[in-house]
Amino acid sequence: MTSASTARRPLRKAVLPVAGFGTRVLPATKAIPKELLPVFDKPAIQYVVDEALAAGIEHIIFVTGRGKGAIEDYFDRAYELEDSLKQKNKTSLLNELAAGLRPAGTMSFVRQQAALGLGHAVWCARDIIGDEPFAVMLPDMIMMAQPSCLAQMAAAYEQVGGNIIAVEPTDTPEQYGVIDPESRDGRLLKMKGMVEKPKREAAPSNLFISGRYILQPEIFGLLADQGPGAGNEIQLTDSMARLMKVQPFHALEYEGTTYDCGDKLGYLRAFAAHALAHGELGGKAADTLRATLEKK
Ligand code: UTP
């Protein structure tokens, strides 16, 4: 295995695993992929794709599963809809749809036949990634940041290479995976380990792993023989811990806020925050929310 710090390969591809069942937000996700639930006026996944593109990502690989076909449709052309909008002269909506389309060949969909865990989902993208570094973006985590979270990570990657994960301070480290830092240089921390859901008093830091990773392709060799870990799932963090023994890992305390749409209250928070931040409707959204709270 070669050291990734010596040769810095460009970051062009991102993997978005979308094959999970979203059980924490059932029944909403019984027939609709969690990733398509609207966060105010856009599906959650659109925010993550926008973040990837803002970081210069050229190719997005979705790891999908049964029941997730609507995601593929969402990123495709909708001829009947376009035709109907054309006939009704709804030009701005038509333009919006056209602007959201990616050039043909810049999105791939690969199937994870059984939801065996995040590590397994990432491994399913190995042939499309090939021998280059790549980003992993968990689409139920939406980052509000300027520049985008992945763009900040890409800049850090330019600086130090290797593997980079985004982190954010939390008051409840016991609920998350947190990093064990070795040293700190501004917002960049050299890592020596990670701990999953530590006891609060034993947590090595208050920095939780927030769902964005830049990884070297050597992770695939480790994922290939990774046995099940926590929850009997093939965990990405278990292979990352093994890779950390031979390659550098940095954590970036990115500037911005993470919204976890994976559970009901997190989703509510994400929805409200994005409504309030909306350029055109933010003010009215604030009035609506205030009035709703006052009525309670
Ligand atoms: P989560 O554990 O947050 O998503 O995985 P989940 O499994 O859909 O949710 P719950 O726990 O049942 O409520 C993080 C991301 O990894 C994907 C999920 O789709 C989610 O976007 N994932 C997870 C896969 O693609 N495959 C898996 O086997 C597991």
Side-chain angles (χ1 to χ4, degrees), residues 13-39 42-52 60-72 74-75 107-129 134-143 149-150 165-168 170 172 175-178 194 196-197 208-213 215 219-220 223-224 226-240 258-270:
K13 298 178 181 171
V15 176
L16 274 58
V18 295
F21 289 119
T23 51
R24 285 167 295 155
V25 277
L26 276 169
T29 45
K30 188 177 167 201
I32 299 169
K34 170 170 78 173
E35 299 77 12
L36 287 184
L37 293 179
V39 176
K42 285 192 281 186
I45 195 120
Q46 184 68 62
Y47 292 92
V48 183
V49 166
D50 289 346
E51 180 191 336
I60 295 178
I61 298 116
F62 296 91
V63 181
T64 72
R66 258 192 301 283
K68 299 284 183 157
I71 297 176
E72 213 161 326
Y74 173 76
F75 288 106
M107 282 185 168
S108 299
F109 295 82
V110 62
R111 195 96 161 186
Q112 185 190 25
Q113 291 127 324
L116 299 180
L118 176 60
H120 181 263
V122 171
W123 181 72
C124 290
R126 66 199 180 282
D127 279 357
I128 306 178
I129 297 293
F134 63 102
V136 175
M137 307 174 79
L138 302 193
D140 48 1
M141 300 297 227
I142 297 182
M143 273 67 170
C149 176
L150 192 65
I165 62 178
V167 293
E168 190 180 326
T170 174
T172 53
Q175 288 179 6
Y176 298 100
V178 298
M194 294 165 291
E196 196 53 44
K197 300 194 173 91
F208 82 96
I209 299 170
S210 56
R212 299 289 183 269
Y213 315 77
L215 297 171
I219 193 86
F220 291 122
L223 285 170
Q226 187 65 56
N232 208 24
E233 293 194 340
I234 298 172
Q235 298 287 354
L236 181 61
T237 42
D238 289 343
S239 288
M240 280 167 46
T258 304
Y259 293 95
D260 181 357
C261 303
D263 67 46
K264 291 177 185 178
L265 292 179
Y267 175 65
L268 172 67
R269 188 171 160 256

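Whatever order the structure lists ligands and atoms in, that order sets their numbers, starting from 1. Values below: every heavy atom of this structure, side chains too, minus hydrogens, waters and symmetry copies.
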| With sequence neighbours left out, what residues match Ala230 under side-chain contact (heavy atoms from CB on, under 4.5 Å)? | Gln235
| Does the side chain of Tyr267 come within less than 4.5 Å of Pro38's, by heavy atoms? | yes
| query | Looking at residues at least two apart in the chain, or sitting in another chain, which of them share a salt bridge (charged side-chain N to carboxylate O under 4.0 Å, His left out) with Glu35? | reply | Lys68
| Given Lys34, which of Val18, Ile45, Thr23, Asp140 fulfils the side chain to side chain contact (heavy atoms under 4.5 Å, CB included) condition? | Asp140
| Does Tyr74 OH have over 12 foreign heavy atoms under 6.0 Å away? | yes
| Under 4.0 Å from ligand 1 - residues by heavy atom, chain and number | Pro17, Val18, Ala19, Gly20, Phe21, Gly22, Thr23, Arg24, Lys34, Glu35, Gln112, Ala115, Leu116, Gly117, Leu118, Ala121, Pro139, Asp140
| note | Applying side-chain contact (heavy atoms from CB on, under 4.5 Å) to Arg111 and not counting sequence neighbours gives Thr64, Arg66
